Amino acid sequence: MKNQNNPLVSIVLITYNCDKYVIETLESIKNQTYNNIELIVSDDGSKDNTIDICRNWIDNNKERFIRTVLIAHQINTGIPANCNRGIKASQGEWIKLIAGDDIFLPDAIENYISYIQSNKHCLVLHSKVIRFIDGSSQQKDDIYSRIDLKSFKINNPDITADQQFQSLLRINMVAAPTIFFHKSVFEKVGYFDERLKLWEDRPMLLKITKNNIKLHFLDFASVRYRVHEKSVQISKDNKFLLSYFNIEKSRYFYKEYLHYLPFFERIIKRLYLLRILFLDKFNLNRNNLLIKLFLRITDFPLSYFINKYEKKYK
């Protein structure tokens, strides 16, 4: 299983109420041109038919994989906890997480393995992603597909892990669905932060780079990322102006990473985040004109400086 030229890859499929899409994801895993794969499906308390669909599909396709595991957790615990269960159940030297509504391109794993064989010090690798709108007749590539990601500082081959950490403090240009981990990374830095429910990628990347592990970039598209009405980043109750996802990110960054910024930048970012936390704390996160006006007025001067810092590290 630890053949240097053909390492076992654990594909960890993270599912929650995705019975509409999960067969397409499973088929994209099955159709990988790389063969030495184990499949771990970790479900986080789905209320639809996701578990039954995955169980039946695995029964019919388990010969394709070195090993298959289905984890059916009864209670919904959030994305980071679900990722951790899948990772801990895996036996592969390399781990690739994928959500139950995304799709691998056929040569994704093969290209990752080819890169790491030529770059022996690589422990974390990411690539480009193609975003598409579910149900849309027009399939449009998003920013990650159109622009030259090699030009971003975080993807410069000569950048250090500490410089990447500084960049990630300001802006995240790493596409979460594409990240490929060596299992030793989790042994060194720990697992995803289970205090969070919806945000797993940037906190982990900050933890990785803070521990002097460099992120490598491979300039190809490995995953098609589906955008739909239930996507974590955009899904929210219409009566609220800010989504739970947005508030969770703000609270976590304020507590865990704000102190790493220089004094003036820290003040600006603190004020920017406090607006959001203020609305949440005093139950003012309402989708009405007065709150919208408050955010718009306070946003302009703060965003001006924040964007300047982001641009510097982009």
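These numbers were taken from a predicted model, which means no experiment stands behind them.
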Residues, nucleotides or ligands: over 12 heavy atoms within 6.0 Å of K188 NZ: yes
Let me see the working for R226 and I103 under side chain to side chain contact (heavy atoms under 4.5 Å, CB included), right down to the final yes or no. CA-CA 8 Å; R226 189 190 308 268; I103 304 166; 3.7 Å; yes
What are the two closest heavy atoms between N82 and T77, and how far apart are they? N-OG1, 4.3 Å
Tell me, with the steps shown, if N307 and S303 meet side-chain hydrogen bond (donor to acceptor under 3.5 Å, both in side chains). CA-CA 6 Å; N307 290 335; S303 293; 5.2 Å; no
Would you call K269 and L258 a side-chain contact if the rule is heavy atoms closer than 4.5 Å? yes
Checking N155 against H216: is there a side-chain donor and acceptor pair closer than 3.5 Å? no
Following the transitive rule for hydrophobic clusters with a side-chain heavy-atom cut-off under 4.5 Å over Ile, Leu, Val, Met, Phe, Trp and Tyr, establish whether L241 and I297 coincide in one cluster. no
Test the K88-Y191 pair against the cation-pi criterion, namely NZ or CZ under 6.0 angstrom from the six-membered ring centroid and within 45° of the ring axis. yes
Cluster link F104 to V9, ILVMFWY, side chain under 4.5 Å: yes
If you measure from the Lys or Arg side-chain nitrogens to the Asp or Glu carboxylate oxygens, is any gap between D280 and R251 under 4.0 Å? yes
State which residue, out of W94, F217, F220, fulfils the ring pair (Phe, Tyr, Trp, His ring centres under 6.0 Å) condition with Y112. F220
Out of curiosity, N172 CG to I154 CD1, how far, rounded to the nearest 0.5 Å? 6.5 Å
Hydrophobic cluster membership, L302 vs F263, 4.5 Å side-chain cutoff: yes
Quick one, Y260 and Q166 - any side-chain contact, counting heavy atoms below 4.5 Å? no
Mark yes when over 12 heavy atoms from residues, nucleotides or ligands other than L293 sit less than 6.0 Å from its CG; otherwise mark no. yes
Pair D101 + K20, salt bridge at N-O below 4.0 Å: no
CD of E200 to CG of N84, rounded to nearest 0.5 Å, is 10.0 Å
Side chain to side chain contact (heavy atoms under 4.5 Å, CB included) for D201 and V174? Distances and angles first, verdict last. CA-CA 9 Å; D201 56 326; V174 176; over 6 Å; no
D44 and side-chain hydrogen bond (donor to acceptor under 3.5 Å, both in side chains): which single residue from N76, T15, N17 fits? N76
Is the closest basic N to carboxylate O distance between K312 and E265 below 4.0 Å? no
Side chains of L8 and E93 in contact at under 4.5 Å (non-hydrogen atoms): no
At their closest point, which heavy atom of L13 faces which heavy atom of G100, and how far apart are they? CD1-CA, 3.6 Å
Can you tell me how far apart CG (D43) and CZ (R85) are? Round to the nearest 0.5 Å. 8.5 Å
Between I37 and R64 the two heavy atoms that sit nearest each other are CD1-NH2, 3.8 Å
So N6 and Y34, side-chain hydrogen bond (donor to acceptor under 3.5 Å, both in side chains) or not? Walk me through it. CA-CA 9 Å; N6 190 32; Y34 188 82; 2.9 Å; yes
Sequence neighbours left out, what pairs pass ring pair (Phe, Tyr, Trp, His ring centres under 6.0 Å) with at least one residue falling in residues 295-314? F264-F305
Which atom names give the shortest non-hydrogen contact between I291 and N288, and what distance separates them? N-OD1, 2.9 Å
What closest approach, in Å, do D193 and Y252 show between heavy atoms, and which atom pair accounts for it? OD2-OH, 2.9 Å
Rounded to the nearest 0.5 Å, the CE atom of M204 sits from the CZ atom of F186 at a distance of 5.0 Å
Checking R131 against Y225: charged group under 6.0 Å from the ring centre and within 45 degrees of the axis? no
If you define the side chain from C-beta out and look only at heavy atoms, does anything of D219 sit under 4.5 Å from K128? yes
What pair of heavy atoms forms the shortest contact from E248 to K197, and how long is it? OE2-N, 2.5 Å
Are L169 and L205 linked, directly or through intermediate hydrophobic residues, by side-chain heavy-atom contacts shorter than 4.5 Å (ILVMFWY only)? yes
Would you say L125 ends up clustered with I159 if hydrophobic residues are merged whenever their side chains have heavy atoms under 4.5 Å apart, either directly or through other cluster members? no
Test side chain to side chain contact (heavy atoms under 4.5 Å, CB included) applied to E256 and R195, step by step: CA-CA 12 Å; E256 300 291 335; R195 293 174 296 174; 3.2 Å; yes
Could you give me the CA-CA distance, side-chain angles and deciding distance for K62 and E38, then say whether salt bridge (Lys or Arg N to Asp or Glu O under 4.0 Å) is met? CA-CA 9 Å; K62 57 186 176 184; E38 73 166 2; over 6 Å; no
Tell me, with the steps shown, if N61 and L26 meet side chain to side chain contact (heavy atoms under 4.5 Å, CB included). CA-CA 10 Å; N61 295 277; L26 286 163; over 6 Å; no
Please say whether more than 12 non-hydrogen atoms of neighbouring residues, nucleotides or ligands are located less than 6.0 Å from NE2 in H121. no
Under 4.5 Å between any side-chain heavy atoms of V12 and I95, yes or no? yes
Is there a side-chain contact between L218 and N111 in this structure, where contact means two heavy atoms from C-beta onward sitting under 4.5 Å apart? yes
Is it true that S243 and N246 share a donor-acceptor pair across their side chains at a distance under 3.5 Å? no
Nearest 0.5 Å please: distance from the NZ atom of K183 over to the CG atom of L123. 14.5 Å
Side chains of L295 and R275: does their closest heavy-atom pair fall under 4.5 Å? yes
Quick one: are S222 and L105 in side-chain contact, heavy atoms under 4.5 Å? no
Quick test of your reading of the model: are D299 and R296 salt-bridged, counting only N-O distances below 4.0 Å? no
Indicate whether the side chain of Y272 and that of T298 have a donor and an acceptor atom separated by less than 3.5 Å. no
For T50 and D48, does a side-chain donor sit closer than 3.5 Å to a side-chain acceptor? yes
Can you list the steps and then say if T33 with D107 is a side-chain hydrogen bond (donor to acceptor under 3.5 Å, both in side chains)? CA-CA 6 Å; T33 56; D107 57 353; over 6 Å; no
Which value, rounded to the nearest 0.5 Å, describes the distance between S151 atom OG and M173 atom CE? 8.5 Å
Check: S250 side chain, L273 main-chain N or O, donor-acceptor pair, under 3.5 Å: no
Can you confirm if the NZ or CZ of K96 lies within 45° of the ring axis of F180 and under 6.0 Å from the centre of its six-membered ring? no
Test applied, side chain to side chain contact (heavy atoms under 4.5 Å, CB included); reference residue, I40; option that passes from I71, I14, T68: I71
In terms of the angle between their ring planes, are F65 and W57 parallel, tilted or perpendicular, with boundaries placed at 30° and 60°? tilted
Under a 3.5 Å threshold, yes or no: a donor from one side chain and an acceptor from the other, between S10 and R67? no
